[in-house]
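For reference, the structure is listed below as structure tokens.
Heavy atoms only: backbone and side chains are in, while hydrogens, waters and symmetry mates are out. We number each residue from 1, following the sequence as shown.
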Amino acid sequence: MDRLTKAITSHQRAVIAVFLVLAVISAVLILGVSVNYNLADYLPPDAESTVALGIMDEEFGTGVPNARVMVSGLTIAEAAELKTQIAAVDGVTGVMWLDDVEDLTTPVEMMDTATVEQYWRDGSALYQVTVADGREASTVDALYDLIGENGAISGDAANTANMQNRVVSEVLGAAAILLPLIIVLLLVTTTSWIAPLLFLASIGVAIVINMGTNIVFGEISFVTQSVSPIMQLAVSLDYAIFLLNSFERHRQETPDAEQAMRMAIKESFSSIAASAATTVFGFMALIFMRFEIGADLGLNLVKGVILSYVSVVVFLPCLSLACVKLLDKTRHKRIVPEIRGIGRGLVKIRVPALILVLLLVAPCFLAQSRTDFFYGMGSPDPNLRYGQDTELINETFGEPTSIVLFVPRGNPGAEAELSAEIADIDHVTAVMSYAYTVGEVPEGTLDDSVVSNFYSDNYARIVVTTDTGTEGDEAFATVEAVRSAAAKYYDEYYACGESANIYDIRDVVTEDSGLVNLISVAFILLTLLVTFRSLTLPLILIFVIETAIWINLSVPYFTDNALVYIGYLVINTVQLGATVDYAILMTDGYVVNRRTMLKREAVINTLQTNFLSVLTSGLILSIAGFCLNFTSSMTIVSELGLLLARGTLLSMAMVLLALPALLMLFDPLTARLTLKSGFLKKTEKEVDVK
């Protein structure tokens, strides 16, 4: 360790240069990292909808219709001409409209009413459009140029285009709000005007390197792109604060700045490593999700925390030594002084606080699992054109959803019978297959390309339209009914489409839930066992943070609000990994103090010493969450931000109010079940005043 610290401090310019060069290279590499906005792409390879999407692409050369384009004020002839123009837009791989299932030479009044109303109502035409993956933003813009103000676009492609256009600006917007708030918070809790800038520089370099090294993955999810930079900053800023605080203490012992920094690195190396380890282990649990968006986010956060740790123990010392004169010149008195009596005041309310927690824990545990969930992208922002267009199309044509079913080609009788049975299923408003619908049109009246819409070399395609929307009990029941009907006629069948994809997402993520929670708790519990060498303390700490998580996740149930399930699943791990550090800090201080003090004194002293540190760290993380919630138009990201903010405040409250009571309550048991605890025992002259 001595050789390492000397090597770091003796090569300041080289270290700074290396990190800055890596940051510049990484900043360039960020431009090469693509962002995936399609949740269905993160389903396991063996999920039914994943297989169906592969068949769609390989056999038919197109995807599931992912945009609804509505244009008003048209005649039938004008609508047919517009379809041709839409098909010619760069990035559009397929368009379905009325002329694909009906002969337009027949008067509309003589056509099947239910079929017509899927595509034509009162002078408004609705086209089912397929936009190529990765081309959503440019293609949707081109479609808007074509249809003008009289048109509206909704669906996955429009949502993706909205996210592509906004995700970077929203991340920058969140940072623009978060950074000034963090700087102000650090200025009032530190003793140097430029120290906050050094903190942010060291973590900022790590964030840029983390984002640039994502090039090894090829692409990342939009959730990772939106959440990871803010999360990395919020959870790892403490490491920089720990190091510089240690540096300031050791400078009072030695006038040699380099020697003081070497002592600070040596002192804080293991404590920062322990803090980073609990966060890393918490995030690692996400990697075990079958729904691969968890692995995408988990790997990124783990990599980010490790890079932040390296930056703090290598880059920050060199940067601080290079600026040591400036640190001295900008020194100031602590603006927010230590709050006298805070420890004693918190101890006085520990009993009612613990009683309140015990009264809440059972109902909150039950409530958090009974919340209504969304499994897709959630509701569109009504303040954006995408949200307004979606509402307009739904008002005109309802909220139809397509389920695309693939069955082996070669049995038109079974295909027709299956189509007829599906047509009788509740909430199915139309069924299109060649054998059932198109085959009834006289030969030669339809374009030859129509056949290719329904048949490939190996599969027949059946398009089912429902009125259920993309998710919910009715939507999922309809998906199940369609798949059950297909199973009667075929041994091999595959279904995809928005509702079918989300149905599979629901099954996968709900299976992930128990496993991910178990792994995250097990990882953290093992880390705490090694850290404290105690059987009671890890259980107390896990109980404290898990209770905060249960209370956090029960709020949507008690307020009758639905919650995006991915946010529910991720926050279980993220809140545990990110906030257990507060409990570790308090417990470690208690164990140290307990060796020279009785339990009440030890708790009071620990609270007094660590209150400001816990408060500062907790406020930074909660502010980061509120910034995500405030700036993001994406429901998943916005709700995850709110959960993070609220969860952090609850974890902080639990650590400051309930943890002291539990430490005192279980103190005798902890003394016996902690290896070499060395707790001070009462003597005849020492009475533990209660």
Side-chain angles (χ1 to χ4, degrees), residues 39-47 217 220-224 226-228 231-232 235 277-305 364-371 373-376 502-528 538-539 541-554 556-557 563-581 625 636-637 639-644 646-648 650-651:
L39 290 179
D41 286 349
Y42 293 94
L43 282 165
D46 59 348
F217 303 131
I220 58 175
S221 71
F222 71 95
V223 176
T224 299
S226 302
V227 171
S228 178
M231 284 284 295
Q232 184 181 344
V235 302
T278 57
T279 305
V280 163
F281 287 143
F283 292 158
M284 279 181 64
L286 293 171
I287 298 172
F288 292 89
M289 287 175 59
R290 290 184 67 230
F291 188 52
E292 294 171 2
I293 207 166
D296 185 84
L297 178 60
L299 282 171
N300 197 273
L301 289 173
V302 166
K303 178 160 62 74
V305 171
C364 288
F365 173 75
L366 295 173
Q368 55 93 29
S369 62
R370 297 179 182 178
T371 299
F373 294 109
F374 289 118
Y375 298 91
I502 295 175
Y503 178 92
D504 288 342
I505 289 172
R506 182 198 66 172
D507 286 354
V508 172
V509 296
T510 49
E511 288 176 8
D512 282 338
S513 182
L515 176 64
V516 171
N517 292 341
L518 179 63
I519 291 174
S520 62
V521 170
F523 275 161
I524 298 295
L525 190 62
L526 181 61
T527 305
L528 296 175
L539 296 176
L541 268 61
I542 291 293
F543 172 79
V544 165
I545 302 301
E546 282 293 328
T547 299
I549 293 172
W550 296 335
I551 296 173
N552 184 23
L553 293 175
S554 70
Y557 174 82
L563 181 65
V564 175
Y565 195 88
I566 294 174
Y568 165 82
L569 184 57
V570 169
I571 202 65
N572 267 291
T573 297
V574 170
Q575 186 178 340
L576 177 60
T579 64
V580 73
D581 287 350
I636 291 178
V637 175
E639 285 197 1
L640 186 57
L642 180 60
L643 288 170
L644 178 64
R646 187 171 62 217
T648 300
L650 287 167
S651 291

Could you check whether any side-chain heavy atom of [X] comes within less than 4.5 Å of a side-chain heavy atom of [Y], counting everything from C-beta outward?
X    : Y    : result
I636 : F222 : yes
L563 : L553 : yes
Y375 : T510 : yes
F283 : V574 : yes
T547 : F543 : yes

Which residues share a ring pair (Phe, Tyr, Trp, His ring centres under 6.0 Å) with [X], sequence neighbours left out:
X    : value
F217 : none
Y42  : none
F373 : Y565, Y568

Applying side-chain contact (heavy atoms from CB on, under 4.5 Å), can you list everything that pairs with [X], at least two apart in sequence or on another chain?
X    : result
L642 : F626, N629, R646
L640 : V227, V570, I571
T527 : T278, F281, T531

Suppose we screen for side-chain hydrogen bond (donor to acceptor under 3.5 Å, both in side chains). Which residues come up paired with [X], at least two apart in sequence or across chains?
X    : result
S228 : N300
S651 : Q575, T579
E639 : none
N572 : none

Nearest heavy atoms of [X] and [Y], plus distance in Å:
X    : Y    : value
G625 : L644 : CA-CD2, 4.1 Å
S226 : V637 : CB-CG2, 3.7 Å
V280 : V302 : O-CG2, 3.8 Å
I505 : A40  : CD1-N, 4.4 Å
I287 : G298 : CG1-C, 4.2 Å
P538 : L528 : CB-CB, 3.7 Å

Who pairs with R290 by salt bridge (charged side-chain N to carboxylate O under 4.0 Å, His left out), at least two apart in sequence or on another chain?
-> D46, E511

Apply salt bridge (charged side-chain N to carboxylate O under 4.0 Å, His left out) to D581 and list each qualifying residue two or more places apart in sequence or on a separate chain.
-> none

To the closest 0.5 Å, what do you measure between [atom1] ([X]) and [atom2] ([Y])?
X    : Y    : atom1 : atom2 : result
I293 : L286 : CD1   : CG    : 11.0 Å
I545 : L650 : CD1   : CG    : 10.0 Å
L43  : D507 : CG    : CG    : 10.0 Å

Does the D512 side chain pair with the main chain of F291, one donor and one acceptor, at a distance under 3.5 Å?
->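 Present.
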
